Participant: 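My questions all concern the structure below.
Chain naming here is simple, since letters A, B, ... match the order of the sequence lines and numbering starts at 1 in each. Remember, it's a predicted structure, so these values are computed and weren't measured experimentally.
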Protein chains: 2
Amino acid sequence: MTSDFEAQLRAVSLRVTRPRLAVLTALRDHPHVDTDTVIALVRADHPTVSHQAVYDVLRALTDAGLVRRIQPSGATARYESRVGDNHHHVVCRSCGAIADVDCAVGDAPCLTASDDHGFTVDEAEVVYWGTCPDCATERTCQ
Amino acid sequence: MTSDFEAQLRAVSLRVTRPRLAVLTALRDHPHVDTDTVIALVRADHPTVSHQAVYDVLRALTDAGLVRRIQPSGATARYESRVGDNHHHVVCRSCGAIADVDCAVGDAPCLTASDDHGFTVDEAEVVYWGTCPDCATERTCQ
DNA sequence: CCAAAAACTTGATTCATTCCAGAAGACCGG
DNA sequence: CCGGTCTTCTGGAATGAATCAAGTTTTTGG
């Protein structure tokens, strides 16, 4: 499993370091977490990793396309390791929970804008806003 | 024109104040601006308005549904006064320019998620990422 | 015009994120 | 296996958007 991550890193010309493997592992096991949570998860195994390293790693991995950055309005940045399949997310307005949603229509549902104003569009990002099951039943969620 | 804003404010039980009218005017004339720009625009006419007032007003207007908050990943919050028609946005990765895009398919194109995980979805927000005409031609854009 | 409630001003504070300088680690060639 | 070089990480300080708090002004209903 770790060797998978090692191969992924080498594939994008990034050096294989403990912090990077730890971040990839954390994101595999915990999708949609924010930076603070990543730091906590990484430190569970490697207590000496600095917060700066996590920020650096997340940026490097995002730039390389190994992880994806999600930032719903009004929330801090979150990351996930599921990439390359153009899926989207449902976000709970109440507690901020995030779940994956596959494209409704084919692989790139809304990629074709009706009028692109001359923009060259290469990606469509969809965020569904609503209420998660927990918050729908009990008002006392968070 | 100002009386329109006055009516809008009263319609949602908000008091009519100079800062609020100024913010609404600024957003009507300059769509997709960030908070700092709103402050600057408001102060052009009313130099004594505090930044805190602008933050308060933007929040109040957003909660009331008179303006819409947009926050593309990695950028600061932006606001626009066009609401109620479920339109979307194209964002330039290079210079951050934003343009409006009407829904490709009907009024709510992607509102139906393929699998909503039990979430009650009430809105679908779409962000198209790409390159604006200016940045596409000249590499030196900002 | 007056009183109550909401909104605004000023100034300080929080928190995610970034910047910086020096130390440590990864990788290439030998 | 080993040193040299360049990337990456550590630790701490700094930035900047956004929020909080106390007190004053303004709006609005009677």
Participant: Would one find a side-chain N or O of B:Tyr55 under 4.0 angstrom from OP1 or OP2 of D:dA18?
Facilitator: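 Affirmative; the distance criterion is met.
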Participant: Just how far, in rounded Å, is P of D:dT8 from CZ of A:Arg18?
Facilitator: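 After rounding, the reported distance stands at 16 Å.
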Participant: Could you tell me the separation between the CG atom of B:Asp34 and the C1' atom of D:dA17, rounded to a whole number of Å?
Facilitator: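 About 10 Å, once rounded to whole Å.
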Participant: Less than 4.5 Å apart, any side-chain heavy atom of A:Glu125 and any of B:Ser73?
Facilitator: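 Counting from C-beta outward, A:Glu125 and B:Ser73 do come under 4.5 Å.
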Participant: Given B:Val42, which of B:Val57, B:Leu21, B:Val49 fulfils the side chain to side chain contact (heavy atoms under 4.5 Å, CB included) condition?
Facilitator: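 So, applying the side chain to side chain contact (heavy atoms under 4.5 Å, CB included) to B:Val42 and each of B:Val57, B:Leu21, B:Val49, only B:Val49 qualifies.
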Participant: Tell me if the CZ atom of A:Arg82 is crowded by more than 12 foreign heavy atoms within 6.0 Å.
Facilitator: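 Yes, the 6.0 Å shell around CZ holds more than 12 heavy atoms from other groups.
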Participant: Look at A:Arg10 and C:dC27 and indicate whether a side-chain polar atom (N or O) is within less than 4.0 Å of OP1 or OP2.
Facilitator: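 A:Arg10 to C:dC27 OP1/OP2: side-chain N or O found under 4.0 Å.
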Participant: Given the rule in the side-chain hydrogen bond (donor to acceptor under 3.5 Å, both in side chains) test, do B:His32 and B:Asp100 qualify, once you have shown the distances and angles that lead to the verdict?
Facilitator: CA-CA 9 Å; B:His32 313 136; B:Asp100 285 334; 2.9 Å; yes
Participant: With DNA chain D as reference, determine whether B:Arg15 or B:Asp36 sits nearer its 5' end, using the nearest nucleotide of each.
Facilitator: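 Here B:Asp36 is the residue nearer the 5' end.
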Participant: Taking only the side-chain nitrogens and oxygens of A:Thr76, find out if one of them lies under 4.0 Å from OP1 or OP2 of C:dT17.
Facilitator: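 So the side chain of A:Thr76 is outside the cut-off, no N or O lying under 4.0 Å from OP1 or OP2 of C:dT17.
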Participant: Figure out the CG/P separation between A:Asp56 and D:dT10, and round it to whole Å.
Facilitator: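 In whole Å, D:dT10 P lies 9 Å from A:Asp56 CG.
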Participant: Please report, rounded to the nearest Å, how far the P atom of C:dA23 is from the CD atom of A:Gln52.
Facilitator: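 Rounded to the whole Å, the gap is 17 Å.
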Participant: What is the separation between atom CD on A:Glu6 and atom C1' on C:dG25, rounded to the nearest whole Å?
Facilitator: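 Answer to the nearest Å: 15 Å.
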Participant: Output the residues of residues 64-73 of chain B in contact with DNA chain D, where contact means a heavy atom of the residue under 4.0 Å from an atom of the strand; sort by number or write none.
Facilitator: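 Those residues whose heavy atoms fall under 4.0 Å from DNA chain D, taken from residues 64-73 of chain B, amount to none.
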Participant: Under 4.0 Å: is that the gap between some side-chain N or O of B:Thr17 and OP1 or OP2 of C:dC8?
Facilitator: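 For C:dC8, OP1/OP2 do have a side-chain N/O of B:Thr17 under 4.0 Å.
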Participant: Is any side-chain N or O of B:Arg20 closer than 4.0 Å to OP1 or OP2 of C:dA7?
Facilitator: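 The answer is yes; a side-chain N or O of B:Arg20 sits under 4.0 Å from OP1 or OP2.
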Participant: Please report the distance, rounded to the nearest Å, between NE2 in A:His51 and P in D:dA13.
Facilitator: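 One finds 11 Å between P of D:dA13 and NE2 of A:His51, rounded.
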Participant: Would you mind reading off the distance between A:Leu21 atom CG and D:dC9 atom P, rounded to a whole angstrom?
Facilitator: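 A:Leu21 atom CG is separated from D:dC9 atom P by 10 Å.
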Participant: Any side-chain N or O of B:Thr35 below 4.0 angstrom from OP1/OP2 of D:dA18?
Facilitator: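 Result: yes.
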Participant: Before giving the answer on salt bridge (charged side-chain N to carboxylate O under 4.0 Å, His left out), spell out for A:Asp56 and A:Arg15 the whole-Å C-alpha distance, their side-chain angles and the decisive distance to 0.1 Å.
Facilitator: CA-CA 13 Å; A:Asp56 279 351; A:Arg15 293 191 172 176; over 6 Å; no
Participant: For the residue pair A:Ala64 and A:Leu14, what are the closest heavy atoms and their distance?
Facilitator: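 Smallest heavy-atom distance, with atoms named: CB-CD1, 4.0 Å.
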Participant: For a quick check of understanding: with a heavy-atom distance under 4.0 Å over all strands, which category does B:Ala60 fall into, base, sugar-phosphate or nothing?
Facilitator: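 The residue B:Ala60 makes no contact with any strand.
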Participant: Between A:Val101 and A:Val127, is there a shared hydrophobic cluster once you connect ILVMFWY residues whose side-chain heavy atoms come closer than 4.5 Å?
Facilitator: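 Different clusters.
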Participant: Measure the distance from CG on A:Leu14 to P on D:dT8 and round it to the nearest whole Å.
Facilitator: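 From A:Leu14 CG to D:dT8 P: 7 Å.
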